[in-house]
Amino acid sequence: MSWDDFTACAGQDGQILYEAGEDAVTQFKEIWDNLPDTIKNMIIAAAEWGGALLTRALAAAGVAAAEAIAAAAAGAGLGTLIAIIYDCYDKL
């Protein structure tokens, strides 16, 4: 599959992910899969505040593309973003 297939699967929110970039999405999923639940919960809590706090939380968790993911999450919501990535990742 391809990046285009992935973003097509993501639908309307695919544009937000497209702007974040394939490398950012791939890195985010790989890191998210390996994070302990306490860190995931911290990032989810930071997402409720959004912006700079979410970017810092993602960066602290090791996401090099923290700004891109935070910007995408601001548009769709972190929960929606994670759901889209997991629903469509097999197409990437």
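Any value given below was found using the heavy atoms of this structure, including those in side chains, with hydrogens, waters and symmetry copies removed. The chain is numbered in sequence order, starting from 1.
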S.K.: With rounding to the nearest 0.5 angstrom, report the CD to CH2 distance, Glu22 to Trp3.
M.R.: 6.0 Å
S.K.: Within the distance-only criterion (no hydrogens, no angle test), does the side chain of Thr7 pair as donor or acceptor with the backbone N or O of Asp4 below 3.5 angstrom?
M.R.: yes
S.K.: With disulfide (SG to SG under 2.5 Å) as the rule and sequence neighbours excluded, what pairs involving residues 16-64 come up?
M.R.: none
S.K.: State which residues pass salt bridge (charged side-chain N to carboxylate O under 4.0 Å, His left out) with Asp37; sequence neighbours excluded, sorted by chain then number.
M.R.: none
S.K.: To check you understand the geometry: which heavy-atom pair defines the closest contact between Ala57 and Met42, and what is its length?
M.R.: O-CE, 4.1 Å
S.K.: Hey, could you give me each pair passing disulfide (SG to SG under 2.5 Å) that has a residue in residues 25-58? Not counting sequence neighbours.
M.R.: none
S.K.: Can you give each donor-acceptor pair under 3.5 Å made by side-chain atoms of residues 66-89, sequence neighbours left out, with the distance rounded to 0.1 Å?
M.R.:
residue	atom	partner	partner atom	Å
Thr80	OG1	Ala76	O	3.3
Tyr86	OH	Asp33	OD1	2.0

S.K.: I need the full list of ring-ring contact (aromatic ring centres under 6.0 Å, His included) pairs touching residues 55-76, with sequence neighbours left out, sorted by first then second residue.
M.R.: none
S.K.: Enumerate the residue pairs fulfilling disulfide (SG to SG under 2.5 Å) with a member in residues 28-78, sequence neighbours excluded, ordered by first and then second residue.
M.R.: none
S.K.: Any side-chain heavy atom of Leu58 sitting closer than 4.5 Å to one from Ile31?
M.R.: no
S.K.: In sequence, state the C-alpha distance, the side-chain angles, and the governing distance for Val63 and Trp32, and then conclude on side chain to side chain contact (heavy atoms under 4.5 Å, CB included).
M.R.: CA-CA 9 Å; Val63 178; Trp32 190 262; over 6 Å; no
S.K.: Might you point out which heavy atoms bring Gln27 and Gly62 nearest each other, and give the distance in Å?
M.R.: NE2-O, 3.9 Å
